[in-house]
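These notes concern the structure reproduced below.
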Amino acid sequence: MSNTENNEQQSEQKDKSKRKPYVIPTCFKLSVLGACCVGLYGIYLDGQIRTKMDGQVWQLPAEVYSRIESIRVEDDLNLEQVRLALLDYGYREVSSIATPGDFKIENNSLVVLRRAFQFPETPEAQRVLRLRFVNDKLARIEDLVRMTEVDEFRLDPKLIAMLHSDNDEERQTLRLQEYPRLLIDTLLLTEDKRFFQHDGISPLGIARAFVTNYQAGRTVQGGSTLTQQLVKNLFLTNEKSFVRKINEALMSLILDFRYDKNRILETYLNEIYLGQNGSYQIHGFSLASQFYFGRPIQEISLNQIALLVGMVKGPSLYNPWRNSEGAIERRNVVLRVLLEHQVINQDLYELLSKQPLGVKEKGNIYRQQPAFMHALNLELKTELGENRTSQLSGAKIFTTLDRKQQRSAELAVINGVAELENSSKKIKDLQSAIVVAEHATGKVRAIVGGVQTQYAGFNRAIQTQRQIGSLVKPSIYAIALAQPELYRLNTPVNNQPITINVKGSPPWSPRNYDRRFSGSVMFMDALVRSLNIPTVNIGMKIGLRKVIDKQKEMGWDSVEIPPYPATLLGSYSISPYDVTKSYQVIANSGVRVPLTTVEAIISDRGDIIYQPKVEERAKEILPAEAAIQTLYAMQQVVERGTARSLQSDFSHLRLAGKTGTTNSARDTWFVGIDGENVATVWLGKDNNGETYLTGSSGALQIYKEYLSRANPVSFKLPKSNNIQWEGINSYGSWDCSSSRQIPVWKDRGQRYCSGGSTVVAGKSSVWDALSLSKDPSVNSQPKAEEAEGQGPSEEIAPAE
């Protein structure tokens, strides 16, 4: 080797020896730097996890429930009625009671295991109750745990809707101990057998999945733990990338280190995605159980549990409605896992694997009663403000909705409209709306917004504004009767043609619908026969501005009422919901209670968020005596007036009511009052076209359909110490021997009968003088009830 080559070799060795000390430190520094970066990134991920897990994990939707109903001894129910009520609330008739929601019938008794429930006032534990029947009537209710007899017990209300969070998710959350143990065991055996042994990720599981997938030539098994699945659902996206998998693994390790296994498992059970309800995602096993089976998770069978656990792998792929065969196959795979781990035996496996899926009929189970839900949302916005979403997260909203009344109203609209359209080729494209409210409390029991009762679109009960015609009259007559020195039910009212000069407008001459006139008509009969001219005379005497102001106090405060005489005949537009407000005041003896759709709202901790107080919200608008007299006149409308067709089937109910029809029969109305509720019915067309119907032949027919299904309570006229009943004759003058009697506001300067003679209390009116006069010329005046024998007709509201 030459000297030159030796020199070069020695030089290279010197360079290597010089570089060698720097390689190790550099690698060490890079390792430290990398570890620091991973550590800092881990701290960042840890912060994200803790922010979510230690705060509010989800923006939960609020659960909306129907009216809380009770089984009471005093209701005199028979065995079949109780049985149907329990079935309607999702209870199951069984031969042996095992779980909450079960009931069995033995001879003349029924035993039920009532579910536990968080009621507004206090939570109630599950109860075992025996109902004893004597002669097929409920006679006794026994609490078998407390060994006491009770008069009634409450049923857990029906979940009817969810108020959604901003991210379009539906979810019900339960504590871990509230989930069935069998569900947890099935989930762990199927998805993650080593959940309680690994640290968030399972290298053994990943290796096993890799081998299985390699042998199958496709992806047939996943290696993700429950912790990894939770991380992906709660913190990450479904993006398939290496970076996401790294994040998933790191966050799983951190989550497992930071929180105990039970907390992770509980969160997973409430978070896992299990399907789609329209545009909303179904999360958690609890809600999925309600969605697919219509039952709480604690009450579903083992084969149903296996179906839900099987769907974890692919909710869309194994959707039982869309792919029933695939769902059955996947369910049976889960059952086979239980067999292999000796949770079930071969016989039970064979039995369960042959069972049908048991899912309920497909439907948007949380999209019921859209019109009522619209009213509820409006009330929540008014009472709780714009930030209500955060206040209502996870809350329970107990509504006033009566599901029986709602069904009755829906069927009335569907069947009633169909019958009307089938009755004539001219009658078509009808729409209808109904509002039913309890007049003593203002609680809204039912709302129907259109013929497509489940369509969450235009809500005609609230959003439509239509002319009301003669529905305006009872409010005017009630306002007039509040001044007993001017008006009582037998006061004569002028019924001759009149002309009213309106500044800036042509003279206005109202007419009666039948174009008939008389010298005068009794106040009461003017309402019964729905006459226009007497109504205008009454309103103008009271004062147009005073009438409008009082109508606004009665509930029409948001209604634009033009200060023109034509408004006395309903020439302006109101929604059915607003109409109901005014009639609630009359039906409730003059006391206004604002309509409400809410019984109470409680937080997820059981605290009261909002609860309307009837006694605090009640306000007297009219004297009770004025309301009572108006209700009597409205009873006469049903007995012998424009709503007399109700008498054939419903005379025993002693209903009060009022019909209404507007120009060219574009709108037909009816408001009926029974012993509990006031119901407003509108029927017309969306294009404002002619219906070829009147209030009697149109809206009243829908009300009849409603009555035939709703089991209404008989109406009893309210009582007052200031009301006394006096006889009158056909002219309207006092007749103590007459069987025809009217309610009179006594001791207010009026003439009335007492002790078989006519008593004068204060000044005599002109009508009293006419009635008592023996002058034949006086008696030749037109009768107060002229044309009474003719069929009463409806007026048409004048154009504005």
Item to check | Set of side chain to side chain donor-acceptor pair (under 3.5 Å) partners for Glu379, sequence neighbours left out | outcome: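 Glu379 satisfies side chain to side chain donor-acceptor pair (under 3.5 Å) with Thr596, Thr597, Tyr610 once adjacent residues are dropped.
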Checklist entry - Only one of Glu599, Glu676, Glu438 forms a salt bridge (charged side-chain N to carboxylate O under 4.0 Å, His left out) with Lys443, so which one is it? => result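 Filter result, single survivor: Glu599.
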Less than 4.5 Å apart, any side-chain heavy atom of [X] and any of [Y]?
X      : Y      : answer
Ile68  : Pro120 : yes
Phe398 : Thr400 : no
Ser575 : Ile462 : no
Pro712 : Phe650 : no
His374 : Leu378 : yes
Val472 : Leu568 : no

Item to check | Shortest non-hydrogen contact between Tyr89 and Arg115, atoms and distance | outcome: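 For Tyr89 and Arg115, the tightest heavy-atom pair comes out as O-NH1, 3.3 Å.
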Next on the checklist: Ring-plane angle category for Phe670 and Tyr703, please: parallel below 30°, perpendicular beyond 60°, tilted otherwise.
Outcome noted: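 Tilted, since the angle between the ring planes falls between 30° and 60°.
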Checklist entry - Can you name the salt bridge (Lys or Arg N to Asp or Glu O under 4.0 Å) partners of Asp151, sequence neighbours left out? => result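 Here no residue qualifies.
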Next on the checklist: Between Lys550 and Ser475, is the side-chain hydrogen bond (donor to acceptor under 3.5 Å, both in side chains) condition met? List the steps.
Outcome noted: CA-CA 9 Å; Lys550 185 60 70 172; Ser475 66; over 6 Å; no
Item to check | Polar side chain donor-acceptor pair, Glu410 to Gln406, under 3.5 angstrom | outcome: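 Yes.
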Next on the checklist: Tell me if the aromatic rings of Phe117 and Tyr65 count as close, with their centers under 6.0 Å from one another.
Outcome noted: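 Yes.
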Next on the checklist: I want to check a possible cation-pi pair here: Arg154 against Phe119, using under 6.0 Å from ring centre and within 45° of the ring axis as the test.
Outcome noted: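 Because its charged atom sits under 6.0 Å from the ring centre and within 45° of the axis, Arg154 does stack over Phe119.
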Checklist entry - Centre of Tyr583's six-membered ring, under 6.0 Å away, within 45 degrees of the axis: is that where NZ or CZ of Lys658 sits? => result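 No, Lys658 does not sit over the ring of Tyr583.
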Next on the checklist: Apply side-chain hydrogen bond (donor to acceptor under 3.5 Å, both in side chains) to residues Tyr706 and Gln405 and explain how you reach the verdict.
Outcome noted: CA-CA 8 Å; Tyr706 164 75; Gln405 298 274 12; 2.5 Å; yes
